[in-house]
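Please read the structure below before turning to the comments.
Note that the coordinates shown come from a computational prediction; the quantities given were computed from them, not determined experimentally.
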Amino acid sequence: MDNRAISQVLAEIADLLEIRGDNAFKIRAYRTASETLATWPHAIAQLDEQQLRAIPGIGKDLAGRIRELAETGTAKYHQELLEQFPPTILDLLRLQGVGPKTVAMLHATLNIKSIEDLAAAAKTGKLKGLKGMGAKKEAQILASIEERAKDVGRHLLSDTAATAAALVEFLRIHDRNVELIPVGSLRRGRETCGDIDILAVGGQPGLMDALISHPDVERVLGQGDTKSSVLLRGGYQADLRLVPRESRGAAMQYFTGSKAHNISIRDRAVQLGFKLNEYGLFRLDDDSRVAGETEEGIYRALGMEWVEPELRENRGEVEAARAGVLPKLITLAELRGDLHMHTTETDGKDDLTAMAEAAHRLGREYIAITDHSQALAMANGLDEKRALAHAARVRALNGRFENLTLLAGIECDILSDGRLDLSDDCLAQLDIVVASIHSNFSQDSQQMTDRILRAIECPWVDILGHPTGRRLLQREPLKFDMTAVMDAVSRHGMVMEINCQIERLDLNDSHARAARERGIPLVISTDAHSVNALSRLQWGVQVARRAWAQSGDVLNTRPLAELRTRLRRHRRT
DNA sequence: GCCGTTTTCGGCCCGACTGTTTTCAGTCG
């Protein structure tokens with residue numbers, strides 16, 4: 001079983017326990033464990049009980065269940081719960097406004113087991129008489145059922161950022177004095193965002209009317225004086241929250257999250273005799289206010305360093321902030337070069353000169369031109385002769401742009417059996433080689449692992465490009481043994497890429513962190529196929545920051561001379 | 001079910017909004 005599947009079972013157990021009305025803290029334990037494992041960078045199923053218990057939030061019982069899942073593919077406890085409630089009942093929890101108590105009551109009174117059952121009951125007016133149910137609630141449930149297909153869930157980070165920026169502009173027209181701050185998962189730089197959270201500091205309640213009046217609002221989910229939620233066209237939920245100026249920092253902290261981080265630091269606050277909410281940090285004994293205007297003030301009062309938003313996932317940052325050992329995260333300004341891009345020689349939209357000129361304008365000190373290799377026929381991939389001729393043209397441009405060096409490289413396909421698409425002799429004549437998988441994605445884990453390991457054996461491969469091959473919201477990552485691959489990469493002095501294509505972001509944050517912790521150097525590369533795409537390094541920087549990366553962890557922050565010496569081809573003795 | 005700078009037992013984050021209610025439970029983030 002892969003991590004996702006294990007995480008899924010634990011989440012289902014949490015949902016089922018919640019419907020059953022079980023102990024709330026037990027439910028939280030399953031949910032927390034599920035969330036932790038969902039982003040765990042290495043294969044959970046391969047860990048023994050002791051290793052499992054070293055993971056925060058995993059104790060004796062959960063470790064046992066995870067072992068059981070890894071060995072047998074099912075867990076008795078899960079199956080027992082599913083005998084009480086059919087699996088389709090879990091779909092009901094996804095409906096807006098329907099929670100576990102309602103699901104349990106519907107199941108007990110009307111034997112409702114699925115969304116179809118619920119829709120039929122609502123349409124025939126059977127819900128109205130039930131406890132806590134009225135005509136409005138019945139209508140709300142019907143509306144939720146109809147909307148569930150539209151509310152497709154998560155959105156790409158850059159799309160969310162653009163939608164949020166437009167919404168901020170719109171609201172600013174209605175109140176020029178208010179400070180509008182996007183918070184939530186967008187501020188944390190998550191690869192996808194479920195909704196848009198905007199904080200209005202010092203705003204007047206009239207701002208809520210402005211939000212409701214936005215032309216893209218499809219439905220108002222709730223409207224109050226300080227908090228409103230709307231559903232926007234395109235499937236975004238947007239939440240607007242008004243706070244007074246003296247609570248600016250507390251509100252930013254609170255609404256930036258993550259939930260797990262906030263629980264952790266509120267726990268810390270309670271230990272110190274404080275209460276922390278979105279209005280400030282207060283002493284428990286006399287309710288006096290200790291902090292709240294700034295985030296820094298709150299963290300300081302809790303005996304912690306200020307924590308960068310990207311780190312706030314309860315993955316060790318609370319402990320590090322208390323110990324004063326948080327990393328100094330990499331910034332976009334520290335990147336000097338870009339080591340992955342395409343031109344019209346293969347499937348790029350702009351030619352070599354245009355790409356070089358644009359990189360020069362952006363202040364890059366070096367770039368690698370890495371067009372595709374021959375196996376990618378639909379991209380007009382390069383055979384050896386063309387690859388070397390192209391390399392000569394790339395090198396001929398050197399000297400034409402002040403302070404910009406061009407490296408002649410290639411993005412060489414890793415074939416199905418792990419051979420490289422071009423000969424060693426050809427690859428050796430280039431300045432840099434990125435190796436990537438673009439075909440035969442559905443191999444099983446063993447085949448795929450062998451394939452990648454064999455590719456890594458080729459001494460002229462410097463960088464593993466978009467290593468997992470995933471496309472966010474479209475295609476699952478390739479199945480392979482990441483731990484074994486990282487071991488091999490590390491052994492051979494190779495580099496792993498954080499690809500900045502917004503639907504790739506590959507490696508992701510947790511894999512990039514695992515790589516970094518093994519001492520594997522990272523590069524942040526645009527994989528640009530056009531001049532415009534050269535500016536998207538910022539999204540990869542977000543991933544790197546979420547991976548706790550400092551400038552020293554990322555090779556393209558280094559001057560060219562140092563970068564060269566650290567590439568595999570120049571390391572061999 | 002997890003966990004420990006008081007604790008191996010007894011704690012476990014906090015508040016807004018809605019709909020159904022005569023004071024609150026459920027849901028959400």
Side-chain angles (χ1 to χ4, degrees), chain A residues 10 13-14 17-19 21-34 36 52-66 77 92-106 127-141 144 183-185 193-199 205 208 220-231 237-243 247 250-251 253-282 284 302-303 314 318-319 322-323:
Chain A
L10 297 184
I13 291 176
L17 289 173
E18 207 162 15
I19 292 170
D22 219 301
N23 179 293
F25 300 108
K26 181 172 166 180
I27 294 163
R28 182 190 295 173
Y30 275 96
R31 191 144 285 146
T32 307
S34 166
T36 303
L52 286 169
R53 292 189 66 176
I55 298 173
I58 309 284
K60 182 166 178 291
D61 288 22
L62 274 160
R65 302 227 191 283
I66 293 166
Y77 193 52
L92 298 174
L93 289 176
R94 310 277 98 81
L95 297 173
Q96 178 84 35
V98 177
K101 299 281 195 260
T102 308
V103 171
M105 187 272 292
L106 292 170
L127 299 184
K128 278 198 285 283
L130 302 174
K131 179 165 155 288
M133 290 276 172
K136 277 195 176 178
K137 196 83 191 169
E138 190 171 77
Q140 186 195 59
I141 286 175
S144 298
V183 286
S185 49
C193 301
D195 54 15
I196 294 170
D197 299 299
I198 295 175
L199 210 57
M208 295 303 185
V220 178
L221 299 172
Q223 183 182 8
D225 287 341
T226 66
K227 180 185 172 184
S228 296
S229 299
V230 296
L231 211 53
Q237 180 179 330
D239 299 335
L240 180 63
R241 187 67 190 251
L242 264 54
V243 293
S247 298
Q253 197 291 315
Y254 180 89
F255 291 110
T256 295
S258 66
K259 187 179 282 196
H261 174 84
N262 283 0
I263 288 175
S264 180
I265 79 158
R266 256 174 265 148
D267 184 44
R268 168 84 181 141
V270 170
Q271 281 174 25
L272 295 174
F274 297 126
K275 179 180 72 168
L276 179 61
N277 58 29
E278 58 263 58
Y279 301 109
L281 183 68
F282 303 91
L284 276 178
L302 296 175
N314 199 29
V318 174
E319 295 76 7
R322 283 182 62 185

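Contact of the Leu242(A) side chain with the Met208(A) side chain is registered, since non-hydrogen atoms from C-beta on lie closer than 4.5 Å. Contact of the Ile265(A) side chain with the Val318(A) side chain is registered, since non-hydrogen atoms from C-beta on lie closer than 4.5 Å. Thr256(A) is not listed as a side-chain neighbour of Leu199(A), based on a closest heavy-atom distance of 4.5 Å or more. A heavy-atom distance below 4.5 Å is found between the side chains of Tyr77(A) and Leu17(A).
For the pair Arg241(A) and Phe255(A), the NZ or CZ position fails the cation-pi test of under 6.0 Å to the six-membered ring centre and within 45 degrees of the ring normal.
Using a 4.0 Å heavy-atom cutoff across all strands shown, Ala135(A) reaches sugar-phosphate atoms only and no base atom. Arg65(A) comes within 4.0 angstrom of the backbone, heavy atoms only, and of no base. Contacts of Thr102(A) with the nucleic acid, taken as non-hydrogen atoms under 4.0 Å apart, involve only primed sugar atoms and P, OP1 or OP2. Nucleic acid contact class of Leu95(A) (heavy atoms, under 4.0 Å, all strands): sugar-phosphate only.
If you take atom C1' in dC12(B) and the same atom in dA16(B), they sit 22 Å apart, rounded to whole Å.
When both distances must be under 3.5 Å, the Watson-Crick or G-U wobble mate of dT8(B) does not exist.
Summarising the geometry, the separation between CZ on Phe25(A) and C1' on dC3(B) is reported as 13 Å, rounded to the nearest angstrom.
Taking the salt bridge (charged side-chain N to carboxylate O under 4.0 Å, His left out) definition, one finds that Arg53(A) meets it with nothing, sequence neighbours left out. Qualifying side chain to side chain contact (heavy atoms under 4.5 Å, CB included) partners for Asn277(A), counting only residues two or more places apart in sequence or in other chains: Lys275(A), Tyr279(A), Phe282(A).
Of all nucleotides listed (dG29(B), dT27(B), dG1(B)), dT27(B) comes nearest to the side chain of Pro100(A).
Each of Gly132(A) and Arg28(A) has a nearest nucleotide on DNA chain B; the 5'-most of these lies closest to Arg28(A). Position along DNA chain B of the nearest nucleotide to Asp267(A) versus Asp61(A) favours Asp61(A) as the more 5'-ward residue.
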Any protein N or O atoms within reach of nucleotides 14-18 of chain B? Criterion: under 3.5 Å, listing atom names and distances.
{"unit_1": "dC14(B)", "atom_1": "O2", "unit_2": "Tyr254(A)", "atom_2": "OH", "d": "3.3"}
{"unit_1": "dG15(B)", "atom_1": "OP1", "unit_2": "Lys275(A)", "atom_2": "NZ", "d": "3.3"}
{"unit_1": "dG15(B)", "atom_1": "OP1", "unit_2": "Asn277(A)", "atom_2": "ND2", "d": "3.1"}
{"unit_1": "dA16(B)", "atom_1": "OP1", "unit_2": "Tyr279(A)", "atom_2": "OH", "d": "3.1"}
{"unit_1": "dA16(B)", "atom_1": "O3'", "unit_2": "Thr226(A)", "atom_2": "OG1", "d": "3.2"}
{"unit_1": "dC17(B)", "atom_1": "OP1", "unit_2": "Asp225(A)", "atom_2": "N", "d": "3.3"}
{"unit_1": "dC17(B)", "atom_1": "OP1", "unit_2": "Thr226(A)", "atom_2": "N", "d": "3.0"}
{"unit_1": "dC17(B)", "atom_1": "OP1", "unit_2": "Thr226(A)", "atom_2": "OG1", "d": "3.2"}
{"unit_1": "dC17(B)", "atom_1": "OP1", "unit_2": "Lys227(A)", "atom_2": "N", "d": "2.9"}
{"unit_1": "dT18(B)", "atom_1": "OP1", "unit_2": "Gln223(A)", "atom_2": "N", "d": "2.7"}
{"unit_1": "dT18(B)", "atom_1": "OP1", "unit_2": "Gln223(A)", "atom_2": "O", "d": "3.1"}
{"unit_1": "dT18(B)", "atom_1": "OP2", "unit_2": "Gln223(A)", "atom_2": "O", "d": "3.3"}

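OP1 or OP2 of dG29(B) has at least one side-chain nitrogen or oxygen of Gln237(A) nearer than 4.0 Å.
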